[in-house]
Amino acid sequence: MAERDEEREVARFYTRSRRFPKFIGRLHDGTKIPGGPYTLTQGVVLAIVLVGALLTQRMWGTGSPLVDFPLALAVSWAAAWGAGRIPATRRNLLSVIAGGLSAMTKPATGRYLGTTMKIRPPHYAGGKTSIAEAIADPLPRDGDAIPTPEPETPIVAELAVQQRSTPLPTRTPAHAVSGVERLLQQARGGNS
């Protein structure tokens, strides 16, 4: 038996413990709290909001305690109910709130090397274009063929590419169809 115990390996895994919230479910005399049980966070939120509402009653109140106190109670109960819907995480709620506030107060464009980034507003970037030489030849019409200039012989030797025996005549449309064709017609001197 002793040999068997020595050969056995024990593996242990340690995971984070899950936090179970503490509940307040009964009053001091043992009766159940209406709508309960409540967590400690909900109790703290209820107390803070209720005290804050009663201290600021002059700012929002109607002047009648029969209306103001139930209204303060309803708002504080709604705040406590909302606090109960916050998921229980391992992160402290105060650090979440502090992170949200710091994110809202930082510049929207961020910082780079300690300085705030500034995005330049949109501006007009204009320019002028002019053609140095005026073209005197008008565009050929439908029946005329456009003369193609002969390519210069390159200095560097290139592989010979077999071309068609007779080149197809090139024609331009009477009216330009696309923007590129209009620009080419204007460059050649045609205004139609």
Side-chain angles (χ1 to χ4, degrees), residues 1-129 175-184 186:
M1 285 289 273
E3 293 176 13
R4 282 184 140 177
D5 289 338
E6 291 176 10
E7 294 176 9
R8 183 183 313 168
E9 292 183 20
V10 177
R12 295 183 181 156
F13 298 94
Y14 297 97
T15 59
R16 292 186 183 201
S17 63
R18 183 179 170 111
R19 293 175 56 186
F20 292 101
K22 295 180 181 176
F23 287 102
I24 305 169
R26 298 190 182 273
L27 294 175
H28 64 283
D29 62 351
T31 59
K32 285 185 80 175
I33 298 175
Y38 298 104
T39 62
L40 290 177
T41 306
Q42 285 178 298
V44 170
V45 168
L46 178 84
I48 290 174
V49 173
L50 184 62
V51 169
L54 293 177
L55 290 177
T56 60
Q57 182 181 5
R58 290 186 181 179
M59 291 191 293
W60 59 267
T62 61
S64 171
L66 294 174
V67 175
D68 293 346
F69 189 71
L71 188 62
L73 212 72
V75 168
S76 58
W77 182 84
W81 180 81
R85 298 295 177 256
I86 297 173
T89 61
R90 291 181 193 87
R91 190 165 179 201
N92 187 357
L93 186 59
L94 293 177
S95 69
V96 171
I97 293 170
L101 289 175
S102 68
M104 287 189 288
T105 58
K106 301 284 182 193
T109 55
R111 292 183 181 272
Y112 179 69
L113 297 177
T115 59
T116 302
M117 298 292 294
K118 293 183 181 178
I119 298 175
R120 290 180 49 196
H123 61 280
Y124 177 73
K128 294 183 179 180
T129 304
H175 298 287
V177 178
S178 69
V180 175
E181 290 177 356
R182 279 189 229 126
L183 286 173
L184 288 173
Q186 287 177 356

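Only heavy atoms go into these numbers, but all of them, side chains included; no hydrogens, no water, no symmetry mates.
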>> Using modelled atom types and a 3.5 Å cut-off, is there a donor and acceptor pairing between side-chain atoms of Thr39 and backbone atoms of Gln42?
In response: yes
> Nearest 0.5 Å, what's the OG1-CG distance between Thr41 and Leu46?
Replying inline: 12.5 Å
> About how many Å separate CD of Gln57 and OG1 of Thr62, when rounded to the nearest 0.5 Å?
Replying inline: 8.0 Å
>> Take a 6.0 Å sphere around CD1 of Ile119 and say whether it holds more than 12 heavy atoms from other residues, nucleotides or ligands.
In response: no
> Just how far is it from atom CG of Leu71 to atom OG of Ser64, taken to the nearest 0.5 Å?
Replying inline: 11.0 Å
> Taking only residues two or more places apart in sequence, or in another chain, which ones meet Ser95 in a side-chain contact (heavy atoms from CB on, under 4.5 Å)?
Replying inline: Arg91, Asn92
>> On a heavy-atom basis, which atom in Thr56 and which in Gly52 lie closest, and how many Å separate them?
In response: OG1-O, 2.8 Å
>> Please identify which of these residues, Val45, Val44, Val51, Leu50, meets the side chain to side chain contact (heavy atoms under 4.5 Å, CB included) condition with Ile48.
In response: Val44
Under 3.5 Å, sequence neighbours excluded: what are the donor-acceptor pairs made by side chains of residues 72-83?
residue	atom	partner	partner atom	Å
Ser76	OG	Ala72	O	3.0
Ser76	OG	Leu73	O	2.9
Trp77	NE1	Tyr38	OH	3.3

